[in-house]
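These notes concern the structure reproduced below.
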Amino acid sequence: MRLKLVYAFIFLFFVLILSRVYYLSIKSNVYYEELAKQNSVKTYMIEPVRGFIYDRRGDLLAINELGFSISIKPYLHIRKKNRDILDDEIFNILQSFPDLNASELKRTYQKEDSYYNQDFIKVVDFISYDEMMRHYSTLNLRKNLKIEPQVKRKYPYNEVASHVIGYIGKANTEDINQNPISKLTGYIGKSGIERYYNEILQGKEGYREVRVNALNKEIEELSFKSAYSNDLNLSIDIRLQKYLSEIFAGNSGVAIVVDVSDGSILAAGSFPEYNLNSFVEGISVSEWKELSNNLDHPFINKMVNGLYPPGSVVKMGVALSFLKSGLISSASTFTCDGFIELGGRNFRCWNRSGHGHMNLKHAIQHSCDVYFYEGGLRVGIDRIAPTLLNMGFGSKTGVDLPSEFIGTVPSREWKMLKYKREWNAGETLNTSIGQGSFLVTPMQIARYTTQIATAKDVRLHFVKNADENLTKDIFSQNEKNFLPYIKEGMYAVMNEPGGTAYRYFSSFPIKVAGKTGTAQVINFSQAEKKNIKESDLEYYTRSHTWLSSYAPYKNPKYSVTVLLEHGGRNTTSAKITADIYKKLIELGYISVK
């Protein structure tokens, strides 16, 4: 019996041994083959080169400058015996490029050096081609250094169109989590077109799959896929864009020039601008402070992120609500004595002496506030607000720039939702002349002006999607029938005596229609108040001035919207508008017959 138990134990022991051998040799074969493959096959990701940005005529607005990066072999810090080698390699780099910082190079290296990292560690992101060529042969012979081709984003026109083009910057942890390619390239679009179309411009990564030996030396290339990227062609003309920068010199504000036929933007700027190239490698502390403390806010893209009362430029939309109501016709008149009394308070016209009897055309021509006060009381906010909302106020224009603001159209519902309070008649008066809580972006005013010019809504854009329908009808036939009365008033503003812009356009080579406006300055923050010098206080509390227009009057081709903050230091919104139209004529966009 005992002998049988011994035999049974021996039998079971050998069964277990054979089962284990079977598992290791047969069942685990696939697993260990995969491990062996991972040990012998390496995949190198190939970063795409960012696409170029061109203007409408093919001039380059964003390019990639050719240069080189410098990387150092791993394990030189974690292994104490190799630290002298690391110091020696950093010393040799500094011998060639003394402007680099030794401590910074070492910190960069230490951050990435570990037993798990088998790749060379990049310590210098970019050295220009000309600089590197003087030292390339010497550095390239050092086995612990790797010199590789590298590109750096460059903006040939520096600050021109900075808020449109935008810039790229080093990708942070959040960027990398949301966009894995930015981990490979190290950069991502931070603002403007560079950010809005980042996925198109950055392209797709490629890869190389190679077989390596135990010493990590490449033996054979197994597969290869090239990286690729896409270029972008913008609708802007850099010649006109540069001109905007010139005529806005020393002033702050916005200018937007639109082709009203398809909504393409020919030029657009938020002023003052800033040098895009400062942000590619990282802006200096002193330059950052200077820009941050600038009371003209160069960092804000005022085209889509600036909120201003529209002032009198909104009177055409308000007038449309008057005519739609049936309570006021184009021939209806109100008498302006310089003010209107409501609830024991005087609401004044800008002309304290009054304008006398005003019909619709003359009220727009002379920008009579009392006409719109009286009309607003008769028609009511419940008719005015829906018309303005239908024209795009209080919503995004859809222009291809990031983080667009929507603004505010005051209404009974809006006030109750925001403040839990009832609407009052005085707020109707303020809304009727574009003041009070009414806030818009300059891009919204540009779209609104193209709507009046063409009787259709066009999506404004810098890059046109060929498959996208950019135009739509927002006006009823009845509303389209009313637009000519409004456009007559806009014509009179620019071309008839008494018009608020007549001085600059009375003898102009083409007929322009438009509307001027004044926007009150919104209160400063406490931080800004501390930075304002007493000598500058008068300037920074002055109202902003608008002029939004289109031309030629009978056959509209382009609209020009100008907002000049604080009325301008050395020019006017009307003068800037006239200069832009002259440049459009000079460049051949508008012909003079």
Side-chain angles (χ1 to χ4, degrees), residues 161 163-166 178 189-200 232 234-236 253-260 262-270 297 299-311 313-314 316-318 320 384-411 413-414 417-418 431 434 437-454 456-465 467-475 517 519 522 546 548 559-563:
H163 296 89
V164 174
I165 300 168
Q178 295 178 357
K190 294 289 187 179
S191 69
I193 293 294
E194 289 276 30
R195 177 179 169 186
Y196 193 92
Y197 290 106
N198 182 70
E199 288 194 12
I200 292 174
L232 276 181
L234 304 189
S235 57
I236 67 172
V254 174
I256 303 171
V257 183
V258 179
D259 182 333
V260 301
D262 65 358
S264 59
I265 298 175
L266 201 61
S270 174
H297 305 296
F299 281 151
I300 295 177
N301 186 344
K302 299 166 187 174
M303 292 179 281
V304 293
N305 301 138
L307 290 175
Y308 307 87
V313 290
V314 82
M316 294 87 75
V318 175
L320 183 59
I384 296 171
T387 300
L388 297 173
L389 288 167
N390 186 56
M391 298 183 82
F393 295 114
S395 62
K396 295 182 179 182
T397 66
V399 68
D400 40 358
L401 288 175
S403 307
E404 183 180 9
F405 288 0
I406 64 171
T408 301
V409 176
S411 67
E413 295 77 14
W414 167 83
L417 187 64
K418 187 173 178 66
T431 301
S437 299
F438 201 163
L439 294 174
V440 301
T441 67
M443 196 64 71
Q444 289 173 331
I445 294 295
R447 177 176 68 173
Y448 154 83
T449 306
T450 64
Q451 291 170 351
I452 295 170
T454 63
K456 62 183 179 182
D457 185 45
V458 181
R459 188 182 71 77
L460 308 186
H461 60 275
F462 294 96
V463 178
K464 183 177 181 180
N465 185 337
D467 299 326
E468 188 175 9
N469 183 12
L470 297 172
T471 63
K472 63 179 180 179
D473 285 327
I474 60 167
F475 296 117
I522 300 172
W546 291 96
S548 200
S559 71
V560 176
T561 297
V562 171
L563 169 71

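Distance CG/Asn301 to OG1/Thr441: 10.0 Å, rounded to 0.5 Å. Note: Thr561 OG1 to Met303 CE = 12.0 Å, rounded to the nearest 0.5 Å. Between the CD1 atom in Ile265 and the CD1 atom in Ile256 there is a gap of 6.5 Å [rounded to 0.5 Å]. Rounding to the nearest 0.5 Å gives a distance of 11.0 Å between CD of Gln444 and CG of Leu388.
Listed by chain and number, the residues in a ring pair (Phe, Tyr, Trp, His ring centres under 6.0 Å) with Phe393 are Phe438, Tyr448 (sequence neighbours excluded). A search for side chain to side chain donor-acceptor pair (under 3.5 Å) contacts involving Asn305 returns nothing, not counting sequence neighbours. Listed by chain and residue number, nothing satisfies the ring pair (Phe, Tyr, Trp, His ring centres under 6.0 Å) test with Phe405 (two or more places apart in sequence, or in another chain). Under the rule for a side chain to side chain contact (heavy atoms under 4.5 Å, CB included), the partners of Ser437 that lie at least two apart in sequence or sit in another chain are Pro410, Trp414. For Lys396, the side chain to side chain contact (heavy atoms under 4.5 Å, CB included) criterion is met by Glu404, Ile406, not counting sequence neighbours. Here Thr449 pairs with Ser548 under the side chain to side chain donor-acceptor pair (under 3.5 Å) rule; sequence neighbours left out. For Asp473, the salt bridge (charged side-chain N to carboxylate O under 4.0 Å, His left out) partners are Lys480, not counting sequence neighbours. Among residues two or more places apart in sequence or in another chain, the side chain to side chain donor-acceptor pair (under 3.5 Å) test is passed with Thr387 by Lys324. In this structure, the side chain to side chain contact (heavy atoms under 4.5 Å, CB included) partners of Ile474, at least two apart in sequence or on a different chain, are Asn390, Gln451, Asp457, Lys472. Here Val260 pairs with Thr450, Thr454, Pro556, Ser559 under the side chain to side chain contact (heavy atoms under 4.5 Å, CB included) rule; sequence neighbours left out. Partners of Tyr197 according to the side chain to side chain donor-acceptor pair (under 3.5 Å) rule, which considers only residues two or more places apart in sequence or in another chain, are Asp400.
Glu194 contributes no side-chain N or O that, together with a main-chain N or O of Ser191, makes up a donor-acceptor pair within less than 3.5 Å. At least one donor-acceptor pair under 3.5 Å links the side chain of Ser270 to the backbone N or O of Ile300. Between the side chain of Trp546 and the backbone N or O of Pro309 there is at least one donor-acceptor pair closer than 3.5 Å. Looking only at distances, no side-chain donor or acceptor of His163 sits under 3.5 Å from a matching main-chain atom of Ala161. Of the possible donor and acceptor atoms, none in the side chain of Arg195 sits under 3.5 Å from a partner among the backbone N and O of Pro402.
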From CA spacing to verdict: side-chain contact (heavy atoms from CB on, under 4.5 Å), Ser235, Lys464: CA-CA 8 Å; Ser235 57; Lys464 183 177 181 180; over 6 Å; no

Candidate pair Val254 and Val562, rule side-chain contact (heavy atoms from CB on, under 4.5 Å), full reasoning: CA-CA 6 Å; Val254 174; Val562 171; over 6 Å; no

Full working for side-chain contact (heavy atoms from CB on, under 4.5 Å) between Ile236 and Leu266: CA-CA 4 Å; Ile236 67 172; Leu266 201 61; over 6 Å; no

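Residues Val258 and Leu460 meet the side-chain proximity criterion, which asks for heavy atoms closer than 4.5 Å. You'll find the side chain of Leu320 reaches within 4.5 Å of the side chain of Phe475, heavy atoms only. Residues Ile445 and Pro310 form a side-chain contact, since some pair of their non-hydrogen atoms from C-beta on lies under 4.5 Å apart. Counting heavy atoms from C-beta outward, Ile193 and Val164 have side chains that approach closer than 4.5 Å.
For the pair Arg447 and Thr397, the tightest heavy-atom approach, listed with the atom from each and the gap, is NH1-CA, 3.4 Å.
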